[in-house]
Novice: 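Questions regarding the structure given below will be posed in turn.
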2 protein chains.
Amino acid sequence: MTQAIGVAARLSGVTIETIRYYEREGVVPKAARSVSGRRVYDKDAITRLRFVKRCRELGFPLSEIRSLLDLYGDASGNCDEVRIIGANNLKLVQEKIADLRSMEAALKTLVVSCKSGGKDCPMLKDLFAD
Amino acid sequence: MTQAIGVAARLSGVTIETIRYYEREGVVPKAARSVSGRRVYDKDAITRLRFVKRCRELGFPLSEIRSLLDLYGDASGNCDEVRIIGANNLKLVQEKIADLRSMEAALKTLVVSCKSGGKDCPMLKDLFAD
DNA sequence: TCTTGCTCCTGTAGTCACTACAGGAATTAT
DNA sequence: ATAATTCCTGTAGTGACTACAGGAGCAAGA
């Protein structure tokens, strides 16, 4: 059984526009077409879309999702490569967290310093200081 | 004393290209020009650029930095509005941290499950599951 | 059968905050 | 005087979408 793009979107959690975008970018293979030219998706194609969705939720960029899909296609032992890609992404995610946490700390201090009602805002003053 | 754009870039930490971009986008006012048409920056202009840099490091989008610069220009009591903008941004930063932390947790589990050498990668299997 | 309304198609442009040229003019250093 | 550096404008590219415009196909009810 094959499904139209709207159904594939609902089942995978990827919007129609984004599915078409992924196809254009070669993240997923080109969808099969009906007689009238509409895209049709079988079980495997929908599974692939759901995989891409999950990878995006884990922060993988599309370029690495392409690699991951290729590795799944390979029959050979691929776990090493997958682990490297995963560990790499984990490191990037942790770096982003660290950046955001220092932002958060600085912002907290500034917002707290910024008491209501004053004329010269201490937060702005701080940000404008030499 | 006024400085060329290269000096302003060094003193503010904003690259030349980005300074011109900020001007195009109206984040900072249009720079004064020398006789030959080159941009020149006085102390205030460089202070403004440094302010923008710091705000970017705190995660403020350019649209809000524009507002913040406007509020600094106003003589009236602006602390309330600044605090609202700051608190808003703090909330967004905290949401991003929360998202990244759940990514991190899920990724950690997956990467650990992905032992070296196996043929069927458990991480890929997980991501492909129904 | 006709019509209404939904889904789908392609192609293009916009988002955000830059970054990277290309091709030329002016300034500074040797 | 010449060479090296800096600066100018304008345009296009990045990542991962999102939002149309303008048109075609399809399914269900009257």
Side-chain angles (χ1 to χ4, degrees), chain A residues 2-28 30-41 45-46 49 51-69 88-89 92-93 96 99-100 103, chain B residues 2-28 30-41 45-46 48-49 51-69 88-89 92-93 95-96 99-100 103:
Chain A
T2 62
Q3 306 295 150
I5 194 169
V7 180
R10 244 174 296 130
L11 294 177
S12 66
V14 182
T15 69
I16 291 173
E17 304 278 0
T18 302
I19 292 174
R20 289 199 281 243
Y21 168 73
Y22 287 164
E23 184 180 318
R24 265 201 315 282
E25 295 298 306
V27 178
V28 295
K30 293 199 175 187
R33 297 292 180 130
S34 73
V35 183
S36 65
R38 294 184 170 201
R39 289 175 183 80
V40 289
Y41 296 84
I46 291 169
L49 288 170
F51 173 84
V52 175
K53 177 101 213 276
R54 283 179 190 162
C55 288
R56 290 293 302 129
E57 286 168 355
L58 293 171
F60 287 101
L62 296 184
S63 57
E64 292 189 355
I65 299 175
R66 256 185 296 248
S67 306
L68 254 17
L69 278 167
N88 236 333
N89 190 49
L92 286 176
V93 167
K96 276 188 200 159
D99 280 1
L100 284 167
M103 272 186 206
Chain B
T2 62
Q3 305 295 150
I5 194 170
V7 180
R10 242 174 297 130
L11 294 177
S12 66
V14 182
T15 69
I16 291 174
E17 305 278 359
T18 302
I19 292 174
R20 290 199 280 243
Y21 168 73
Y22 286 163
E23 183 180 318
R24 266 201 312 283
E25 295 298 304
V27 178
V28 295
K30 294 199 175 186
R33 297 292 181 131
S34 72
V35 183
S36 66
R38 294 183 168 201
R39 288 174 184 82
V40 288
Y41 296 84
I46 292 169
R48 250 192 317 269
L49 288 170
F51 173 82
V52 176
K53 177 102 212 277
R54 283 178 190 161
C55 288
R56 289 294 302 130
E57 286 169 354
L58 293 171
F60 288 101
L62 296 184
S63 58
E64 291 189 356
I65 298 176
R66 256 184 297 248
S67 307
L68 254 15
L69 277 167
N88 236 333
N89 190 49
L92 286 176
V93 167
E95 284 166 6
K96 278 187 198 158
D99 281 1
L100 285 166
M103 274 186 206

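Chain identifiers are assigned alphabetically (A, B, ...) following the order of the sequence lines, protein sequences preceding nucleic acid strands; residue numbering begins at 1 within each chain. Keep in mind that what you see is a predicted model, and the values were worked out from it rather than measured.
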Novice: Which pairs, with at least one residue in residues 4-19 of chain A and sequence neighbours excluded, count as a side-chain hydrogen bond (donor to acceptor under 3.5 Å, both in side chains)?
Specialist: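 Listed by first then second residue: T15(A)-T18(A).
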Novice: Nearest whole angstrom, please: distance from the C1' of dC17(D) to the CD1 of I65(A).
Specialist: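 So the CD1-C1' distance, I65(A) to dC17(D), works out to 13 Å.
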Novice: Report the residues that fulfil salt bridge (Lys or Arg N to Asp or Glu O under 4.0 Å) with K53(A), sequence neighbours left out, ordered by chain and then residue number.
Specialist: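 For K53(A), the residues satisfying salt bridge (Lys or Arg N to Asp or Glu O under 4.0 Å) (neighbours in sequence not counted) are E57(A).
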Novice: Under the side chain to side chain contact (heavy atoms under 4.5 Å, CB included) rule, collect the residues that match up with E64(A), sequence neighbours excluded.
Specialist: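 Checked E64(A) against side chain to side chain contact (heavy atoms under 4.5 Å, CB included); matches are F60(A), P61(A), I85(A), N89(A).
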Novice: Check whether any side-chain heavy atom of Y41(A) lies under 4.5 Å from a side-chain heavy atom of V28(A), and answer yes or no.
Specialist: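 They are not in contact (no side-chain heavy atoms under 4.5 Å apart), so the answer is no.
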Novice: Under 4.5 Å between any side-chain heavy atoms of Y22(A) and R56(A), yes or no?
Specialist: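 Yes, their side chains come closer than 4.5 Å.
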Novice: Using atom CD of E23(B) as one end and atom C1' of dA17(C) as the other, report the distance to the nearest whole Å.
Specialist: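 Answer to the nearest Å: 17 Å.
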Novice: Heavy atoms, side chains only, cut-off 4.5 Å: are Y21(A) and V27(A) in contact?
Specialist: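 Y21(A) does not reach V27(A) side chain to side chain.
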Novice: Encode nucleotides 1-13 of chain C as B, S and - characters from 5' to 3', where the letter depends on protein heavy atoms closer than 4.0 Å: B to the base, S only to sugar-phosphate, - to neither.
Specialist: ------BSBB---
Novice: Any side-chain N or O of Y22(B) under 4.0 Å from OP1/OP2 of dA17(C)?
Specialist: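 Result: no.
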Novice: Taking salt bridge (Lys or Arg N to Asp or Glu O under 4.0 Å) as the definition, give me every residue that meets it alongside E95(B), ordered by chain and number, with sequence neighbours left out.
Specialist: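 Residues passing salt bridge (Lys or Arg N to Asp or Glu O under 4.0 Å) with E95(B): K91(B).
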Novice: Is there side-chain contact between V52(B) and V14(B), with heavy atoms separated by less than 4.5 Å?
Specialist: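 With C-beta onward as the side chain, the pair stays apart.
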Novice: By side-chain hydrogen bond (donor to acceptor under 3.5 Å, both in side chains), which residues pair with S36(B), not counting sequence neighbours?
Specialist: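 S34(B).
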Novice: To the nearest 10°, give me the bend of the helix from dT1(C)-dA30(D) to dT30(C)-dA1(D), comparing the axes of its five terminal pairs at either end.
Specialist: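 Between the axes fitted at each end of the helix from dT1(C)-dA30(D) to dT30(C)-dA1(D) lies an angle of 10°.
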Novice: Expressed as a whole number of angstroms, how long is the span from Y21(B):OH to dA20(C):C1'?
Specialist: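 After rounding, the reported distance stands at 15 Å.
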Novice: Would you please name every residue forming a salt bridge (Lys or Arg N to Asp or Glu O under 4.0 Å) with R39(A), sequence neighbours left out?
Specialist: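 Scan of R39(A) (salt bridge (Lys or Arg N to Asp or Glu O under 4.0 Å), adjacent residues dropped) gives E23(A).
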Novice: So, using ring pair (Phe, Tyr, Trp, His ring centres under 6.0 Å) as the criterion, who are the partners of F51(B) when residues are at least two apart?
Specialist: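 Result, ring pair (Phe, Tyr, Trp, His ring centres under 6.0 Å) vs F51(B): F128(A).
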Novice: Would you say S36(A) places a side-chain N or O within less than 4.0 Å of OP1 or OP2 belonging to dC26(D)?
Specialist: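 It does, given that an N or O in the side chain of S36(A) lies less than 4.0 Å from OP1 or OP2 of dC26(D).
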Novice: Taking only heavy atoms on the protein side, list every residue of residues 53-64 of chain B lying under 4.0 Å from any atom of DNA chain D, sorted numerically.
Specialist: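 DNA chain D contact set from residues 53-64 of chain B: none.
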Novice: Can you measure K96(B) atom NZ to dC16(C) atom C1' for me and round it to whole angstrom units?
Specialist: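 About 11 Å, once rounded to whole Å.
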